[in-house]
Amino acid sequence: MGNQLFIYNTLSRKKEAFKPLVEGRVGLYVCGPTVYSDSHLGHARPYITFDLLYRYLTFQGNKVRYVRNITDVGHLEDEVEGAGEDRITKKARIEQLEPMEVVQKYMNSFHRNMENLNILPPSIEPRASGHILEQQEMVQQILDNGFAYETNGSVYFDVEKYNQKHKYGILSGRNLDDIKTNTRELDGQSEKKNSFDFALWKKASPEHIMRWPSKWSDGFPGWHLECSVMSTKYLGEHFDIHGGGMDLTFPHHECEIAQNTACSGSGAVRYWMHNNMITINGQKMARSLGNFITLKELFTGKHELLYQAYSPMTIRFFILQAHYRSTIDFSNEALQASEKGLERLMAAMKTLGELKASDSSTVEVAPIMEKCFAAINDDLNSPIAIAHLFDGVKMINSIKAGSEKISPADLDELKEFYQTFVFDILGLKDEEMPVTGNNQTLDGAMELLISLRKDAKANKDWATADKIRDELNAIGIELKDTKDGVEWSLK
RNA sequence: GGUUCCUUGGCCGAGUGGUUAGGCAGCGGUCUGCAAAACCGUGUACGGCGGUUCGAAUCCGCCAGGAACCUCCA
């Protein structure tokens, strides 16, 4: 019980004890990005959330196969704007690039962002364009099973027929009758029996560059197919966890379930997990709404809404300070608070490493460790875990100040715990700029200035001492007089 | 219009019936030649109105405001 992970399953709308299909092995699939522009803050959330899950499951001793796809085929654009072109094709035309060049460019940028955020790479990162044959096979299988029909070279999923045998809408809590009365009429639906049917294979219009031959037409796979296909291929017909943003619940994940069920007779996924959105002024941050800030802009501070740059770890910590199923609101104030909080935590980590043990403890280390693990076990409640880590920070500082004592055994345990929990599980890292090492000339000059200032201070020549400090500050070097001597850093 | 969800102190954000969330800011203090930093301590809350209960931020109802999904979307 103590080490039992509970996760909230969208399918049951309850927290459930997580038991992998095969003891000690976990199959995890997460919807990856469509690579047609730079990732924004909102995109960081699922990848950080599921990175935490991946790290924790691994820490628990599971062998985890983590599959996260790259969508490089391009989903259909809004008909009004894109006139049937997919997003990648459209972007290619604007930038005068080959579609695959666009894909490569933004995939590289995505990978850089992920590395910056200390997000571990998945075990397999399959690309939709590399699984066209498998997708065609699944289309055929669904056709053979009688849950799809072909019209003008396109193949559509027959939702009504599916619903007669299985239930459509189990994940999002919808029923077909409601959908029938509430689905808007969109262009290009004349080919479909019903507006809520969705494409499995789409015939390409003449201007559509990304296309593949098939027995139905030269075209491209449907919106939702790749995840069904690639999860099945790498994780099997049944696997443990599928994650993604809440906005994908319907229709994307609902359709995935329908496709898998239409193929094999049952859904593939045992636990569906959905992270909530990042908002800005209370509204969802989204590419389509134009209210997004890219990760690159956050890291460099180059965006009109940003007061300053925020480091990748500040972003990671900011996201971990909210529970993944709650919305989290972007603001400079919130990010600055996270930055300060993270600095405090990291400073305590350093202090912990330098702590001296006494012969006995006046503090208890076990409760903190237990509470942190209990929090993560409770549906990845990272904000609670972090709150308990801060209780530990207070304890660490008190030991340093001498008002509390810690035994050698407790100290070892505490060190080991913080190392594991903060770095390995939460995936934070110390990103403090190295003060020395990159420029020996500068180091030497600084040593000289600090030593001159020390002499001035010894002579109570405050004018000279302050001049050195203030003028260094003016050119971007900060001096701090600490108990352990003078520290300097580039601002 | 349909479905689902949210409303916590100056800000962010936990918390599902009784016990301090936590971070940031503020305030007080320690340290310091001064400053900064650091550390310690500390107040303010549960959208409104009813109801259930010995007791509700937490359960129920109504009202107000907001959001997500229903269309690509993390």
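Protein chains get the first letters and strands the later ones, always in sequence-line order, with residue 1 at the start of each.
- Checking B:G13, B:A25, B:G23 against the side-chain heavy atoms of A:Ile328 singles out B:G13 as nearest.
- No contact: A:His274 has no heavy atom under 4.0 Å from any strand.
- No side-chain donor from either of A:Tyr8 and A:His323 sits under 3.5 Å from a side-chain acceptor of the other.
- Distance CG (A:Leu171) to C1' (B:U4): 12 Å, rounded to an integer number of Å.
- Dashed line: the shortest gap from a side-chain N or O of A:Arg287 to OP1 or OP2 of B:C72 is not under 4.0 Å.
- Contact between the side-chain N/O atoms of A:Arg68 and the OP1/OP2 oxygens of B:A74 is not found at any separation under 4.0 Å.
- Rounded to the nearest Å, the gap between the P atom of B:A67 and that of B:G13 is 16 Å.
- Within the nucleic acid shown, A:Arg174 comes within 4.0 Å of at least one base atom, counting heavy atoms only.
- With ring centers used as reference points, A:Tyr168 lies 6.0 Å or more from A:Phe157.
- The shortest side-chain heavy-atom distance between A:Leu53 and A:Leu28 falls under the 4.5 Å cut-off.
- In this structure, the nucleotide among B:A74, B:C40, B:C69 sitting nearest to the side chain of A:Phe250 is B:C69.
- Going from atom CZ of A:Phe390 over to atom P of B:C40 covers 11 Å, rounded to whole Å.
- A:Thr294 has its side chain out of reach of A:Asn113: every pair of non-hydrogen atoms, C-beta onward, lies at least 4.5 Å apart.
- A:Glu339 comes within contact range of no nucleotide atom at all, as no heavy-atom separation falls under 4.0 Å.
- Remark: the A:Asp466 side chain and the B:G33 base include a donor-acceptor N/O pair separated by less than 3.5 Å.
- Not a single donor-acceptor contact under 3.5 angstrom links the side-chain atoms of A:Arg469 to the base of B:A36.
- At a threshold of 4.0 angstrom between heavy atoms, the contacts of A:Asp329 are confined to the sugar-phosphate backbone, with no base atom among them.
- Stacking of the aromatic ring of A:Tyr47 onto the base of B:A74 is not found under the criterion of centres within 5.5 Å and planes under 30°.
- Across all strands shown, A:Gly42 has heavy atoms under 4.0 Å from base atoms, whether or not it also approaches the sugar-phosphate.
- Between the side chain of A:Lys284 and the base of B:C73 there is at least one donor-acceptor pair of N/O atoms closer than 3.5 Å.
- A straight line from NZ of A:Lys371 to C1' of B:U20 spans 10 Å, rounded to a whole angstrom.
- Here A:Ser326 reaches the OP1 or OP2 of B:A14: one of its side-chain N or O atoms lies under 4.0 Å away.
- A sub-4.0 Å separation between OP1 or OP2 of B:C40 and a side-chain N or O of A:Asn397 is present.
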